[in-house]
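To find a chain, count down the sequence lines: A is the first, B the second, and so on, and within it residues start at 1.
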4 protein chains.
Amino acid sequence: MVAEPLEWRKYDDAELPRVLEAALEAFAKHGYHGTSIRELASTAGLSVPGLYHHYPSKQDILVALLEDVMRDLVQRTAAALEEAGPSPAARFDAWVECLLRFHMFRTKHAFVTSSELRSLEGDNRDRIVALRDELQGMLDHAVEDGAAGGTFATPYPKAASRGVTVLCIGVSSWYRPDGPLSPEDLVHRHLVLARGVVNATE
Amino acid sequence: MVAEPLEWRKYDDAELPRVLEAALEAFAKHGYHGTSIRELASTAGLSVPGLYHHYPSKQDILVALLEDVMRDLVQRTAAALEEAGPSPAARFDAWVECLLRFHMFRTKHAFVTSSELRSLEGDNRDRIVALRDELQGMLDHAVEDGAAGGTFATPYPKAASRGVTVLCIGVSSWYRPDGPLSPEDLVHRHLVLARGVVNATE
Amino acid sequence: MVAEPLEWRKYDDAELPRVLEAALEAFAKHGYHGTSIRELASTAGLSVPGLYHHYPSKQDILVALLEDVMRDLVQRTAAALEEAGPSPAARFDAWVECLLRFHMFRTKHAFVTSSELRSLEGDNRDRIVALRDELQGMLDHAVEDGAAGGTFATPYPKAASRGVTVLCIGVSSWYRPDGPLSPEDLVHRHLVLARGVVNATE
Amino acid sequence: MVAEPLEWRKYDDAELPRVLEAALEAFAKHGYHGTSIRELASTAGLSVPGLYHHYPSKQDILVALLEDVMRDLVQRTAAALEEAGPSPAARFDAWVECLLRFHMFRTKHAFVTSSELRSLEGDNRDRIVALRDELQGMLDHAVEDGAAGGTFATPYPKAASRGVTVLCIGVSSWYRPDGPLSPEDLVHRHLVLARGVVNATE
DNA sequence: AATGAATGAGTTTTCATTCAT
DNA sequence: CATGAATGAAAACTCATTCAT
């Protein structure tokens with residue numbers, strides 16, 4: 001019996017529990033510290049103690065949200081790389097497309113995950129950062145392999161890798177699903193730009 | 001009498017009034033809503049009423065900070081473009097270098113300016129966003145002109161322009177002054193990457 | 001058919017229903033107001049609604065506990081006096097020994113009963129206080145009778161009676177079953193002290 | 001220059017700061033956990049944040065109160081013993097009279113100090129208990145010395161010493177300043193009873 | 001009796017802000 | 001400018017209690 005491969009390109013509407021969905025909305029709009037537990041509860045359609053029945057503290061809500069989001073992204077990326085096979089170029093494209101789509105269809109998730117890292121207390125922060133670094137490592141490997149093997153022309157694989165990441169992340173700051181570009185076009189164009197980054201020479 | 005041209009490459013240590021410097025530090029670490037006026041006052045070495053002597057409210061401190069930062073960046077960029085002259089390629093390079101340096105030497109300023117936009121009340125937000133858009137417009141023009149005139153090969157000038165911006169902004173998320181790369185090297189490498197973005201074709 | 005005489009010297013381990021035993025423990029440690037119904041339930045090995053199945057409210061648990069404790073003490077004292085017969089000296093000794101043993105083996109019961117009187121609402125308090133006064137009255141009579149009849153030398157029977165009571169109560173503040181003195185020794189010593197109180201003259 | 005000797009017999013009306021006076025009243029009536037900070041503030045004639053301006057937490061109010069009370073009692077007792085000189089009998093009488101007066105004129109202080117020990121968190125409790133033990137130690141020494149030197153007849157100096165203490169403490173449970181006995185009479189009578197305790201033999 | 005979900009009213013504490021000195 | 005005292009409003013969180021299953 002074979003495990004179902006994850007459909008990493010598919011984004012449905014609500015994949016988050018009600019409370020986390022409310023937290024996502026609120027944290028994106030006003031930030032963690034700018035959001036009150038009352039606001040959270042009423043957005044989730046609960047009373048305040050009702051909310052505390054599900055999560056023991058505001059901080060735990062933030063942790064659950066960020067962990068959910070990061071786990072989803074890591075799993076999608078792993079599936080994309082799996083599908084891509086061993087070639088650095090294919091892996092590069094898969095990684096970029098995966099992160100692009102995530103930042104197109106999970107704009108708020110991505111924003112909150114990066115903007116509220118600082119609001120994590122204790123070692124919660126470290127766990128989330130480790131997941132982020134793991135993700136970045138996947139791209140780094142592909143770029144370094146590709147640069148070493150001649151697939152990519154860049155003389156600065158490390159800087160290029162980071163540049164590609166921020167390129168993908170950046171779309172979340174302006175992409176709107178009702179914009180003029182279709183998702184497929186947008187992915188295509190940014191793949192071109194990203195390949196430009198890892199192939200740029202002096 | 002001629003106006004002194006602004007030295008847009010030069011970044012001194014403290015160009016901000018004491019209170020705003022404290023606000024910068026605190027807002028970067030805990031966010032606007034996560035920072036109390038008492039914390040602000042004590043970081044600034046003032047008493048609470050002393051702080052209110054300088055600014056009428058917490059919100060006004062945020063506004064003053066973001067305006068200061070944005071005005072500085074706009075002026076530097078204007079100076080850089082002035083110095084670059086009319087050629088799209090030179091203007092592109094100047095803009096990129098200017099934004100890069102800003103995000104290297106004013107990391108916290110940049111981070112707070114973008115992360116706390118949402119904490120601005122009333123029309124304060126609009127004023128700051130307008131400045132940001134004005135800045136982006138300067139690059140858009142250069143890229144569009146360069147694309148139209150054949151200087152840049154990109155078929156997607158708008159997307160490329162945005163990509164270049166996030167490329168510059170992105171360095172602030174990892175650049176450290178004590179890192180292995182000299183500022184000059186880092187600027188150089190990212191200019192290469194940025195040119196890769198506006199020259200990428202299918 | 002004759003009623004079984006109560007063995008007023010015998011103290012078994014658990015004579016309280018599970019919930020009251022838990023309440024005793026918790027009220028002794030944190031007080032009535034410092035104890036939550038959740039804590040009570042979990043100490044009793046019940047769910048919260050399970051606890052409410054047994055008692056209609058937190059206040060009712062306190063009432064049931066204090067009534068149980070006071071009823072037990074009154075019955076033991078009555079049995080002791082019964083056994084002692086009519087002589088004031090014997091009645092005095094019986095009363096003292098009975099209250100002493102109670103405060104040695106029911107330390108927590110005694111402490112909670114006096115410390116949480118104030119937490120009783122409505123006329124619950126009056127009922128418990130009446131029982132306490134009834135108890136004190138039994139000793140008062142013995143001392144007054146003994147003083148009048150020359151058995152006790154004290155010129156201040158009322159004050160002496162009260163003094164004897166607090167002497168007995170006082171052992172609960174430091175007696176530990178694993179201490180160096182056997183219960184019998186301790187009873188003996190305090191009987192000596194108590195007799196000292198009712199025989200002291202100027 | 002000679003230090004003013006403390007008038008350990010003199011009890012004025014209000015020797016406590018306003019907030020602690022309010023806390024005393026409230027803790028005596030409803031206990032620490034049964035008293036809300038709102039109640040405390042309004043009894044003290046302050047707003048809630050006004051109260052927090054003076055004390056950083058509810059717990060700190062309790063600590064300040066108990067420390068104030070215990071320090072006062074320890075100082076009075078030390079002064080009484082000082083005045084009494086070296087004779088065990090005189091020291092015994094002084095100690096007893098001092099503790100008696102304290103429990104007559106500081107009834108609530110004494111009650112709260114013993115009933116709310118359990119509400120002290122961390123090592124606050126230990127500090128207060130140490131003061132209490134220090135006090136008890138002063139009497140223990142006098143009784144042991146007196147028993148060794150033949151001043152007191154008791155064969156159980158330790159138990160007697162404890163008995164005397166609870167005798168003094170006990171008056172606080174029923175003494176009322178408007179009662180039938182004058183303070184001087186009451187002190188006199190209880191000195192007689194206390195001497196009875198340390199002179200009782202089999 | 002347990003479980004799980006829920007709640008109005010309360011808790012302690014902190015907030016931004018003010019004002020007299 | 002600092003100090004110290006003050007406050008209405010709101011923060012996060014907990015309370016005793018209920019009810020459907």
Side-chain angles (χ1 to χ4, degrees), chain A residues 17-19 30 32-42 44-62 121, chain B residues 18-19 30 32-42 44-62 121, chain C residues 18-19 30 32-42 44-62 119 121, chain D residues 17-19 30 32-42 44-62 119 121:
Chain A
R18 208 162 36 128
V19 171
H30 314 115
Y32 176 76
H33 289 296
T35 302
S36 81
I37 218 93
R38 278 188 148 74
E39 190 182 337
L40 231 50
S42 93
L46 288 175
S47 67
V48 168
L51 191 153
Y52 275 96
H53 180 74
H54 295 282
Y55 297 87
S57 76
K58 190 183 172 187
Q59 173 76 194
D60 281 275
I61 294 175
L62 179 60
E121 298 157 12
Chain B
R18 207 162 37 133
V19 171
H30 317 293
Y32 176 76
H33 289 295
T35 303
S36 78
I37 222 95
R38 286 195 137 76
E39 191 182 338
L40 232 51
S42 95
L46 289 176
S47 68
V48 169
L51 192 152
Y52 275 96
H53 179 78
H54 294 283
Y55 297 87
S57 78
K58 189 182 172 188
Q59 174 74 197
D60 283 277
I61 293 175
L62 178 61
E121 296 156 13
Chain C
R18 207 161 38 132
V19 170
H30 317 293
Y32 176 76
H33 289 296
T35 303
S36 79
I37 222 88
R38 286 195 138 75
E39 191 182 338
L40 232 51
S42 96
L46 289 177
S47 68
V48 169
L51 191 152
Y52 276 97
H53 180 78
H54 294 282
Y55 297 88
S57 77
K58 189 185 173 187
Q59 174 74 196
D60 282 278
I61 294 175
L62 178 61
S119 302
E121 297 156 13
Chain D
R18 207 161 38 130
V19 171
H30 313 115
Y32 176 76
H33 289 297
T35 302
S36 80
I37 217 94
R38 279 186 149 76
E39 192 181 336
L40 232 51
S42 95
L46 288 176
S47 68
V48 168
L51 192 153
Y52 274 95
H53 180 72
H54 296 283
Y55 297 88
S57 76
K58 190 183 171 186
Q59 174 74 196
D60 282 275
I61 293 175
L62 179 61
S119 303
E121 298 156 12

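- Side-chain atoms of B:Y55 never come within 3.5 Å of backbone atoms of B:L62 as a donor-acceptor pair (strictly under, hydrogens ignored).
- In this structure, OH of C:Y55 is placed 15 Å from P of F:dT17, rounded to the nearest angstrom.
- The distance from atom OG of A:S57 to atom CG of A:L51, rounded to the nearest 0.5 Å, is 10.0 Å.
- Of the two residues contacting DNA chain E, namely A:H53 and D:P56, the nearest-nucleotide position lying further toward the 5' end is that of A:H53.
- Among the heavy atoms of the strands, none lies under 4.0 Å from D:G45.
- DNA chain E is contacted by both C:H54 and D:Q59; C:H54 maps to the nucleotide lying nearer its 5′ end (nearest heavy atom per residue).
- Summarising the geometry, the separation between CZ on C:R18 and C1' on E:dA2 is reported as 12 Å, rounded to the nearest angstrom.
- The structure places OG of D:S119 at 11.0 Å from NE2 of C:H33, a figure rounded to the nearest 0.5 Å.
- Nearest nucleotide to the A:R38 side chain, out of F:dT14, E:dT12, F:dA12: F:dA12.
- Annotation: the span from A:H54 atom NE2 to A:I61 atom CD1 amounts to 10.0 Å, rounded to 0.5 Å.
- No contact: C:G34 has no heavy atom under 4.0 Å from any strand.
- With a 3.5 Å ceiling on both atom-pair distances, the Watson-Crick or G-U wobble partner of E:dC15 is F:dG8.
- Atom CD1 of C:I37 is separated from atom P of F:dT14 by 17 Å (rounded to the nearest Å).
- When rounded to the nearest whole Å, the span between NE2 of B:H33 and C1' of E:dT14 equals 16 Å.
- With rounding to whole Å, A:L40 atom CG is found 18 Å from F:dA10 atom P.
- Rounded to whole angstrom, the span from the NE2 atom of B:H30 across to the C1' atom of E:dT14 amounts to 15 Å.
- With E:dT7, E:dT13, E:dT17 as the choices, the nucleotide that has an atom nearest any side-chain atom of A:S47 turns out to be E:dT7.
- What separates OH of D:Y52 from P of E:dT14 is a distance of 7 Å, to the nearest Å.
- When the nearest nucleotides of DNA chain F are assigned to B:P49 and D:L51 by heavy-atom distance, the more 5′-ward of the two goes with B:P49.
- Counting non-hydrogen atoms under 4.0 angstrom, D:G50 reaches a base of the nucleic acid.
- In this entry E:dA1 has no Watson-Crick or G-U wobble partner, no candidate having both defining distances under 3.5 Å.
- Rounding to the nearest 0.5 angstrom, the gap separating the CG atom in A:L40 from the NE2 atom in A:H30 is 11.5 Å.
- Base pairing analysis places E:dA9 opposite F:dT14; the two distances defining the Watson-Crick or G-U wobble pair are each below 3.5 Å.
- As a whole-Å value, the separation of D:K58 NZ from E:dT12 P is 4 Å.
- For C:S57, taking side-chain heavy atoms from C-beta onward, the closest of the listed nucleotides E:dT17, E:dT14, F:dT17 is F:dT17.
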